[in-house]
Amino acid sequence: MAKTTPIEYFRQVKSEMKKVTWPTKQEMISSTIAVFVMAVIASLFLFAADQVLSYLVKLVLSIGS
């Protein structure tokens, strides 16, 4: 692997940053909303799964007593 000087490194970084396509404001807003919606759906699913498993464990433990 070839060693580069700090100056060459920053030139390469600048060159690569010019190639980046940044999202528009509307794309950023819609992506953020999608992330929040998916987080809410996932949290509701995990809450429901936790409640079901908790009920099943209590049911199994109450059989023995």
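Note that the structure is a prediction, hence the values are computed from the model and not measured.
Taking the side chain as every heavy atom from C-beta outward, T32 and F36 approach each other to under 4.5 Å. For the pair M28 and W22, the minimum side-chain heavy-atom distance is 4.5 Å or more.
The CD1 atom of I41 sits 12.0 Å away from the CG atom of L46 when rounded to the nearest 0.5 Å.
Residues L56 and F45 do not share a hydrophobic cluster, clusters being chains of Ile/Leu/Val/Met/Phe/Trp/Tyr side chains in contact below 4.5 Å. A chain of hydrophobic side-chain contacts below 4.5 Å, direct or via other Ile, Leu, Val, Met, Phe, Trp or Tyr residues, connects F10 to M17.
Within a 6.0 Å sphere centred on CD1 of I7, heavy atoms belonging to other residues, nucleotides or ligands number 12 at most.
A donor-acceptor distance shorter than 3.5 angstrom exists from the side chain of S43 to the backbone of A39, with no hydrogens or angles considered.
A salt bridge (Lys or Arg N to Asp or Glu O under 4.0 Å) check over residues 18-33, counting only residues at least two apart or in different chains, returns the pairs E16-K19.
Tested against L61 for a side-chain contact (heavy atoms from CB on, under 4.5 Å), the candidates I63, L59, V57 yield a single pass: V57.
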